[in-house]
Structures are given as structure tokens and as C-alpha cells.
Protein chains: 2
Amino acid sequence: MTSVEEPARPGERIRDAARTRAEILDVATQEFARAGYDGARVDEIAARTRTTKRMIYYYFGGKEQLFTAVLERAYGVIREAEQQLDVDHLDPVAAIRRLAELTFDHHEQHPDFIRLVSIENIHEAHHIAGSEKLGRIGSPALDVIRRILASGRASGLFTADVDAVDLHAMISSFCFFRVSNRHTFGALFGRDLLDEGQRAHYRAMLGDMVIAYLTAERTAD
Amino acid sequence: MTSVEEPARPGERIRDAARTRAEILDVATQEFARAGYDGARVDEIAARTRTTKRMIYYYFGGKEQLFTAVLERAYGVIREAEQQLDVDHLDPVAAIRRLAELTFDHHEQHPDFIRLVSIENIHEAHHIAGSEKLGRIGSPALDVIRRILASGRASGLFTADVDAVDLHAMISSFCFFRVSNRHTFGALFGRDLLDEGQRAHYRAMLGDMVIAYLTAERTAD
DNA sequence: TAGCTAACGTACTGGTTCGTACATTAGTGA
DNA sequence: TCACTAATGTACGAACCAGTACGTTAGCTA
């Protein structure tokens, strides 16, 4: 999520539009993820940048548009990662487990993204709806899931006629919840879902669950 | 979630501490759920009450404590509902499906509660941690799950040696995600997870998933 | 090298928002 | 019935915060 890491040589290297813009986005991502949309402070974002508040309005127009830009970039990062998915060489069962594991890993590695999505849901996806870049973009992972499901059904390994979007929701919900609800779950049940020692356990549990669901013999249809 | 519904006879019925307190909590629940902690306005809460802002500070002390009180009551409602759970007369498979369905229904029926929990997670469960009533309260559903799992294992129906808290997390994650991420999911995939026509489908899917997981033959252990 | 414009900084403003000082009254117990 | 306190209302203040008016300069181009 970090795209600016110049050594910050003092005094030097002024007037770099691209860098300034990117730096604002980096800091804004952290600040919005930290405090939510209304909790985030434009002054605080500016203070943690090598530029001033004026530039935020110069480049983005306002707090609202800045948040939209943050979301757009965050979703862009996810899309790129999902496009790297390569599980076609595996058999359907192994492929779906691998996909679940990669989704699991990805959620764990991007807690700020999870927080931004949670925040955007509190605001009823208002910013996504107003963004040309984000409306109905779907997810590259969906195509992967579709291919795996088709091949699994063809080979008779998968008994259930499952919809790709539904399976994506099933996998995502577990991965997302583990990160998004970590704090309340921990406070209520005294168990940290992100505990390092439990990581492999939950990762396997997700895979087992999905495979079991896809390969179970249905009593009725 | 609504506990005050007096006919509001004008001018009458002044000086009712319990009612005033409850009315503030009702309105505050809506306002916090609507806008998040920082987005919520104390003045707005007061305006939508038959009393004044002064009373909010009189009864609760401040915005922070008011939010904690809102959370405490919301969790209290959930606990009460979970205590009504009665699935002991069913066989383990039917019992676990019934439990999943009731969890599913309950999440769907209390979107404000889901939003409050999401908001509290953004704030890293700070208010729960500071509340005597909420620390480590767990969930009555956990005991039910423990009983069902024990009986399922004893009868040999459940192959997996699953932990109750983990199973609770699995069920909750799907139910929670469906409500909490409804808006971003809908905006991105063009599918409303709360669509009335899909309700039975997702409800069955959750049950199928859990049952498949619990009854699947494991390849390794 | 002159001039033009994109990029940047400073200082301020107007409205908002949490919180409170102060005044008042309903209802209860002696 | 009288006094006392719990409950309530009004009006205001001080800090905060998004957004902007205005001024400046770096660096490219003709």
C-alpha cells in the first residue's frame, strides 16, 4: 500500500507533483483507516505529509474526493494482486483450496484495506457508487473461481452446483471477519483471531470448510 | 431495539427519568449506527428526543459514555435472544442447522447492531474494553454449540473435532458479512446479499456449509 | 533569458460541535 | 405544607476543523 519511500533529503527535491500526490494518498489511507471518514482529520493528513493542506485541495478537491481516491487506489492494489492468481495447473480441489488460502493471506496482509471497506460500508458505499472507476468492477478472482468450479463440476469432483459469486462471498466472509471483527471478537471471547500460533489452524479450517461444502453429497436439491 | 413508544401526549408526562434515559438510548443507537461514532452528532440525538442535550450529559456523562451505554444495551438484547435458543430436542445435525438459521435470522433482523459492532471494531473495541458489563461476556450461543458438538461427536455423526468458538466464528462471519458488507458487495458485484428472493438460498447455503464441514471425512488429521 | 504556469505555502474564516454555567420546576418525604 | 433534591431547560463558550483567499516560486519553453 506504500508507494512513496524517498529518503526525504531535506530541502531538496521540491516540485514533484506525482510524488506529492502519492504521498498524500499514502498518508490519507493510513489516517482514514485509523479513524474512519469522520474521525479522520484533513489537518492531520497534511501535517504528516511533506506538503500542506492546500495541496490536498489542489489535487483532490476535498475530503470526500480524497477518500474516494484512497478507495480507488486500495481496490486497485487488490485487483492487481488477484490478477496474479495462478492456480489453473492444479486439480479443482487443490485449486480451490489454494485460492482460499491466497484470499486468507491477502486479507491478513492488508488490514488497512479491510478497515477502509468497513468504513465505506458504514457510509453505504456512497463513494464507490459515485466513482466511475469502482462501479461494478467485480473481481478478477471471480473468473478464477468460475473456471475452477466448471472444471470441478465437469470432473464430477464437485457435487454442488455453486455460483461463483456466492462462493466468493463465502470465502471472503470468513477472511474478512477474521480481520474486521478481530477486536470485538477478542474482547468478548478472549481469543485473538489473528494470533500467529492459530494462523495455520484457521487457514486450514477455511480450506476444509470450502472443500467440504463443494464435495459433500447433497441429501436434496 | 425500541423500548420506548409512549403516545407522546403533548405537555403531559414530564419528569420520568427512566423514560428519558431509555429514549436517549433509542435515538442514540440509531444515530451512532447511522453515522458512526465521529459522524454522530450529540445535538442531533438531543433534537430527536423529547428532552435536551443537557440530559444526555446528565444521564451519561458524555458522548463516549453514551456510545458505551448504547453498545451495552445492544449486546444485552443479543444475549437475551440467544438465551431463548432451544435446539436440544433436535438431533445434532438438525440442531446445528437450526442454530445457524437462527443466527442468520438474527443478524438480518438487527442491522443496527451489526453496524455498531463494525463501528466499535474501527475503534478497536476501545469501549468494550472499558466497560465492566462487556468484557469477556462471551455468548450464550457458545454453550449451545458446545452441547451440540459433544453430542454430535458422541454419536459419531460429526467427524471433525471442532472447537465451539471456532464454529461460532465460522457461522457468525457469514451472517455478519452478509449484512455488514452488503453495500460494497452490492456496488462491486451488482448483487444484493439481502435480496428477499435470495434469502432462503443463502440461509440454506450457510446450513449446508456448516453441516458439510462437520460431517466431512477428513483426509488427514 | 524572459515570461508563463503548474506547484506550492501562509494565514485566515465561518460554521460547527462538544460540553457547561446557570436558572428552574416537579415531586417526594418529613 | 414546606423544604429539599432529582430532573429539566436555556443560553452560551471555546475549541475545532473543512475549506479558501491571496501570495510566492520553481522550472519549463519559446
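Reminder, nothing fancy here: chain letters follow the sequence lines and each chain counts from 1.
A salt bridge does not link A/Arg98 to A/Asp86: none of the charged nitrogens lies less than 4.0 Å from a carboxylate oxygen. Ion pair B/Glu31/B/Arg34 flagged as a salt bridge, since at least one NZ, NE, NH1 or NH2 atom sits closer than 4.0 Å to an Asp/Glu carboxylate oxygen. The residues A/Asp38 and A/Lys63 are annotated as not salt-bridged, no charged nitrogen and carboxylate oxygen being separated by less than 4.0 angstrom.
Taking both residues in full, the closest heavy atoms of A/Ala46 and A/Thr52 are given as CB-C, 3.9 Å, listed atom of the first, atom of the second, then distance.
Exactly one of A/Ile45, A/Thr20, A/Thr49, A/Thr51 qualifies for a side-chain contact (heavy atoms from CB on, under 4.5 Å) with A/Ile56. That residue is A/Ile45.
Rounded to whole angstrom, the span from the CZ atom of B/Phe67 across to the P atom of C/dC18 amounts to 14 Å. The nearest whole Å value for the distance from the CD1 atom in B/Ile24 to the P atom in C/dC18 is 15 Å. In this entry the distance linking CG of B/Asp16 with P of C/dT28 reads 11 Å, nearest Å.
Using a 4.0 Å cutoff on non-hydrogen atoms, no part of residues 31-46 of chain A comes near DNA chain C. Annotation: proximity of residues 52-66 of chain B to DNA chain D (heavy atom, distance under 4.0 Å) is found for B/Thr52, B/Arg54, B/Met55, B/Tyr58, B/Tyr59, numbered in ascending order.
When the nucleotides D/dA7, C/dA7, D/dG9 are ranked by their closest atom to the side chain of A/Ala17, C/dA7 comes out on top.
With sequence neighbours left out, the salt bridge (Lys or Arg N to Asp or Glu O under 4.0 Å) criterion links B/Arg191 to A/Asp163, A/Asp166. Residues forming a side chain to side chain donor-acceptor pair (under 3.5 Å) with B/Arg21 (at least two apart in sequence, or on another chain): none. Residues passing the side chain to side chain contact (heavy atoms under 4.5 Å, CB included) test with A/Arg182 are A/Asp192, A/Leu194, sequence neighbours excluded.
Between B/Thr20 and D/dA7, a side-chain N or O to OP1/OP2 separation shorter than 4.0 Å is absent.
Side-chain atoms of B/His106 do not come within 3.5 Å of backbone N or O of B/Leu102 as any donor-acceptor pair.
Taking 4.5 Å as the limit, every side-chain heavy atom of B/Asp195 sits out of range of all side-chain heavy atoms of B/Tyr202.
Annotation: the terminal axes of the helix from C/dT1-D/dA30 to C/dA30-D/dT1 meet at 0°, where each axis is the rotation carrying the C1' atoms of four end pairs onto the next four (5 pairs per end, rounded to 10°).
Counted by atom type alone, B/Glu64 and B/His127 present one or more donor-acceptor pairs between their side chains at under 3.5 Å.
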